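Indexing begins at 1, ligand by ligand and atom by atom, following the structure's order. All figures in this text were calculated on a predicted structure; none of them were measured in a lab. Along the sequence shown, the residues carry numbers beginning at 1.
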Amino acid sequence: MTRAAERSLLLFPGGSLGEYDLPPDLAVVLARGAGAQVWDSEGRAFTDFTMGWGSAILGHAHPAIVEAVRRQAALGANFAYVTEPALELAEEIVRAVACAERVRFCASGTEATSYAVRLARAFTGRPRILKFEGAYHGANDVGTVSLFPRRLLDFPVGEPTSAGLGPGAEADVLVAPYNDLRTTTRILEAHRHELAGLIVEPLHRCTSPLPGFLAGLREVTAEMGLLLIFDETVTGFRLAYGGAQEYYGVRPDLATLGKGLGGGYAIGAVVGRGDIMDLVREDRLGDPRYVWFASSVGGNPVSTAAARATLGELRKPGTYVRLFALGESLRAGLRGILEDLGVAAQVQGEGPLAALVFTDREVVDYRTAFASNRALARAYLLGLFRRGIFLNPMSTKLYLSLAHTESDIARFLQAARASLGEAAGVA
Ligand code: PMP
């Protein structure tokens, strides 16, 4: 272990900044990144397939972002008030994202989803929210109820994945199986008078919606007077410039943005219908439906300048064709390796996202994924890490960026073949 990694293990729980810990023999401290590469404190290079959990969608240290940040940093980092970069970014978001009539910025996806749920509760005057089992909506209560459930209780009963949630968390979060419109509709019907709405990752982790599922959610929520929230923290500006709502052609009432929007800089946003978003106006203070929504650094000019530069690059012709071609090449390569090695797994993902689930069954929701060989997944991922691929070994989801090249994909596939062969004992 490097000296820097030893120091980090002493200071940070698990030697980590969050979610996952690397085993001590793999622990690294990163020094820098450029494009799709990162280097550790000893100068060892890795090809990055997590890209700041998808936030560095242009690649690391993209010149357009570096320049925008440099320019803005010299003009002041934060005023906690509207600036030109925030204004221009919001104008561009409203042009790009179908449901976005108004915008409010915060600093992360977790904040955005927390506020979106709060807005839904305030707007409808109802306390409960429905989510899909296994979905992540940030580190708040809604995101952590039934994130990685183990007991697989009967729907719609949720199971907290974290201790320390608020006393109402389990009661207020109802859980449904993704891609099962009939069961979801039944739960919505049974609880419609207590439910504010439904929050969904349109692409659930890396599991695609079955045809008609998202449109069906739109229809039943509208019929019942419930709000539909798309958590587009991952899908926003990634599956298409207009996000999942453009890609799948379904318009929610509210959507949350984060990650890729900022190109690696801290940002989150809630966007949506004006009549809902306006509940946060200060002149409504005292109104029973008024929503407190505040963030000292949310929408700061450095992050919004970085985001504006990011969108400027993403808007260029050919961007999404390229991101999708890279993703397809990665997924096709993985399918080929699985076939060659005779390992049963599902290759998931759309656009610049890919994941492997080691099961011979079709994966449509959390339970079909949970029934997979997760020990093999872990061994495969750690094997990739050992072979110079930087990733999050807690999740098989891989993020590509505009900086990746076909040779990065080839390097990954070579490592994947070796790692999988070793992990599955078929080398
Ligand atoms: N929603 C989804 C769908 C996410 O994937 C994440 C992050 N992995 C979040 C919300 C939370 O975003 P953040 O980590 O910026 O708080």
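By the criterion of a heavy-atom distance under 4.0 Å, neither the backbone nor the side chain of E111 is placed next to ligand 1. Heavy atoms of D231 found under 4.0 angstrom from ligand 1 belong exclusively to the side chain. Looking at R205 against ligand 1, only its side chain comes within 4.0 Å, counting heavy atoms.
Taking the ring axis of F370 as reference, the NZ or CZ atom of R374 stays within 45° of it and closer than 6.0 Å to the ring centre.
Contact atoms of ligand 1 toward S108: 15 (O), 16 (O) (distance under 4.0 Å to a heavy atom of the residue). Those atoms of ligand 1 with a heavy atom of T110 less than 4.0 angstrom away are 11 (C), 12 (O), 13 (P), 16 (O). Residue E201 approaches ligand 1 through these ligand atoms, each under 4.0 Å from one of its heavy atoms: 3 (C).
Residues passing the side chain to side chain contact (heavy atoms under 4.5 Å, CB included) test with T359 are Q346, V357, R361, V363, S372, sequence neighbours excluded. Applying the salt bridge (charged side-chain N to carboxylate O under 4.0 Å, His left out) rule to R218 yields the partners D253; only residues at least two apart in sequence or on another chain are considered.
For K259, a nitrogen or oxygen atom sits less than 3.5 Å from a nitrogen or oxygen atom of ligand 1, counting backbone and side chain alike. By the 3.5 Å distance cut-off applied to N or O atoms, V234 is not counted among the residues near ligand 1.
Between the side chains of T319 and E313, no donor-acceptor pair of N or O atoms lies under 3.5 Å.
The existence of a salt bridge linking R273 and D275 is confirmed by a sub-4.0 Å separation between a basic side-chain nitrogen and an acidic carboxylate oxygen.
Side-chain atoms of T304 and I267, non-hydrogen and from C-beta on, do get closer than 4.5 Å to each other.
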